[in-house]
Amino acid sequence: MALVTPLAAGHDLETKQLAEFFNETLGFCPNSVLTMQRRPAISKAFINLNKAVMANEGKVSSALKRMIAWVSSNATGCRYCQAHAIRAAERYGAEQEQLDNIWEYKTHNAFSDAERAALDFSLAASMVPNAVDDKIKEELYKYWDEGEIVEMLGVISLFGYLNRWNDSMGTTIETGAIESGNKYLGKHGFEVGKHNGS
């Protein structure tokens, strides 16, 4: 059961307008944003941060950013964010083989060494205690420039916020995100858990 009930999409008109961004990324406005709008300054700041973090200014593709988000969310155990991240990766053109084998990114040939370096960074940065070390840095710098590394850490940090928000709130997972979670993550035990809305 959700800790706080989401408000209707039209509750705050500025949030509603900004949230149109999510129609592209997910196909719906997330319940997390609908809950945040109880304090509209938070929902608006969050959406603007999300848009800035997900903007593509280097070689880090939209699909890779969503896979980075998935690895981070998987490390922290947030089912809500796992489902959202894999859905957005699908919508942003991640290869079918990558979506089907995201759990095996370290060894599966659908992932390049550059992608592995980015996903290893996501995993290490999402651990408590933090596990980013010289080896992670060395691998990142083989493939990515400093601006691209900032973009990646922006995604990891954004999802750190979302993982805490949604797992603490027990945010109800929307139907479309459940479908994507079951489709790509179900074989590895994905379940809605406390995010079922009842």
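This one's a predicted model, so the numbers in the text were calculated from it and none came from an experiment. Sequence positions, counted from 1, serve as the residue numbers for this chain.
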Identify all side-chain donor-acceptor contacts of residues 3-14 below 3.5 Å with residues at least two apart in sequence or on another chain.
unit_1: D12; atom_1: OD2; unit_2: T15; atom_2: N; d: 2.8
unit_1: D12; atom_1: OD2; unit_2: T15; atom_2: OG1; d: 2.7
unit_1: E14; atom_1: OE2; unit_2: K44; atom_2: NZ; d: 3.3

Quiz item: Hey, is CZ on R39 packed in by over 12 heavy atoms from elsewhere, all under 6.0 Å?
Solution: no
Exercise. Would you sort out whether E24 and Y92 count as a side-chain contact (heavy atoms from CB on, under 4.5 Å), showing the intermediate values?
Key: CA-CA 9 Å; E24 177 187 325; Y92 276 97; 2.7 Å; yes
Practice problem: Kindly say whether F159 contributes a backbone atom to a donor-acceptor pair with the side chain of N163 at under 3.5 angstrom? | Solution: yes
Exercise. Considering non-hydrogen atoms only, spot the tightest contact between E115 and L64 and give its length.
Key: CG-CD1, 4.2 Å
Quiz item: Do M169 and I42 belong to the same hydrophobic cluster, where Ile, Leu, Val, Met, Phe, Trp and Tyr are linked whenever their side-chain heavy atoms lie under 4.5 Å apart, directly or via other members?
Solution: yes
Quiz prompt | Transitive ILVMFWY side-chain link Y161 to V71, under 4.5 Å | solution = yes
Quiz item: Say you draw a straight line from CG of L18 to CG of N50; how long is it, rounded to the nearest 0.5 Å?
Solution: 11.0 Å
Please report, to 0.1 Å, the donor-acceptor pairs under 3.5 Å made by any side chain of residues 134-142, with sequence neighbours excluded.
unit_1: E139; atom_1: OE2; unit_2: K142; atom_2: NZ; d: 2.6
unit_1: Y141; atom_1: OH; unit_2: E146; atom_2: OE2; d: 2.8

Quiz item: Taking all atoms of both residues into account, what is the closest heavy-atom pair of L34 and C29, and its distance?
Solution: CD2-SG, 3.7 Å
Exercise. Scan for ring pair (Phe, Tyr, Trp, His ring centres under 6.0 Å) pairs involving residues 171-193, sequence neighbours excluded, and state none if there are none.
Key: W103-H188
Quiz item: Do any N or O atoms from the side chain of R66 and from the backbone of A88 form a donor-acceptor pair under 3.5 angstrom?
Solution: no
Quiz item: From M127 CE over to L123 CG, what is the distance, rounded to the nearest 0.5 angstrom?
Solution: 5.5 Å
Practice problem: Indicate yes or no for a side-chain donor-acceptor contact from E148 to the backbone of D145 under 3.5 Å, with no hydrogens or angles considered. | Solution: yes
Quiz prompt | Step-by-step side-chain hydrogen bond (donor to acceptor under 3.5 Å, both in side chains) determination, N56 to S62 | solution = CA-CA 7 Å; N56 299 97; S62 293; 2.8 Å; yes
Quiz item: Would V150 end up clustered with L119 when hydrophobic side chains under 4.5 Å apart are linked, directly or stepwise?
Solution: no
Practice problem: Provide the full list of side chain to side chain donor-acceptor pair (under 3.5 Å) pairs with a residue in residues 79-88, sequence neighbours left out, each pair given once. | Solution: Y80-H84, Y80-E174, H84-E174, R87-S180
Quiz prompt | Close side-chain approach of E151 and V53, heavy atoms under 4.5 Å | solution = no
Exercise. Check whether any side-chain N or O of W144 sits under 3.5 Å from a backbone N or O of A114 as a donor-acceptor pair, and report yes or no.
Key: yes
Quiz prompt | Shortest non-hydrogen separation from A75 to S126 and the atoms involved | solution = CB-CB, 3.9 Å
Quiz item: If you group Ile, Leu, Val, Met, Phe, Trp and Tyr by side-chain heavy-atom gaps below 4.5 Å, do L26 and M54 land in one group?
Solution: yes
Self-check item: Shortest non-hydrogen separation from H195 to G170 and the atoms involved
Solution: ND1-C, 3.6 Å
Quiz item: Is a side-chain N or O of N31 found less than 3.5 angstrom from the main chain of T172, in a donor-acceptor match?
Solution: yes
Practice problem: Could you check L162, T171, N166 and say which one makes a side-chain contact (heavy atoms from CB on, under 4.5 Å) with C78? | Solution: N166
Quiz item: If you take all heavy atoms of A125 and N130, which pair is closest and at what distance?
Solution: O-ND2, 3.4 Å
Quiz item: Does atom CD of E104 have more than 12 heavy-atom neighbours, drawn from other residues, nucleotides or ligands, at distances under 6.0 Å?
Solution: yes
Quiz item: Taking N101 for the side chain and E97 for the main chain, is one N or O donor matched with an acceptor at less than 3.5 Å?
Solution: yes
Practice problem: Carefully, step by step, assess D167 and T76 under the rule side-chain contact (heavy atoms from CB on, under 4.5 Å). | Solution: CA-CA 9 Å; D167 246 5; T76 63; 5.9 Å; no
Quiz item: Any donor and acceptor pair, going by atom type alone, linking the side chain of S73 with main-chain N or O of A69 inside 3.5 Å?
Solution: yes
Practice problem: Scan for ring pair (Phe, Tyr, Trp, His ring centres under 6.0 Å) pairs involving residues 105-136, sequence neighbours excluded, and state none if there are none. | Solution: none
Exercise. Find out if a path of hydrophobic residues (ILVMFWY) with successive side-chain heavy-atom gaps under 4.5 Å connects I86 to M67.
Key: yes
Quiz item: Under 4.0 Å between a Lys/Arg side-chain N and an Asp/Glu carboxylate O for K183 and E90?
Solution: yes
Quiz item: Could you go step by step and tell me if K187 and N182 meet the side-chain contact (heavy atoms from CB on, under 4.5 Å) rule?
Solution: CA-CA 8 Å; K187 66 182 176 181; N182 288 335; over 6 Å; no
Quiz prompt | Rounded distance (nearest 0.5 Å) linking atom SG of C81 with atom CH2 of W70 | solution = 13.0 Å
Quiz item: Can you tell me if D100 and Q96 form a side-chain donor-acceptor pair at under 3.5 Å?
Solution: yes
Quiz prompt | Shortest non-hydrogen contact from L99 toward A89 | solution = CD2-CB, 3.9 Å
Quiz item: Would you say Y143 and K59 make side-chain contact, with heavy atoms under 4.5 Å?
Solution: no
Exercise. Please identify each residue that fulfils side-chain hydrogen bond (donor to acceptor under 3.5 Å, both in side chains) with Q37, with sequence neighbours left out.
Key: none
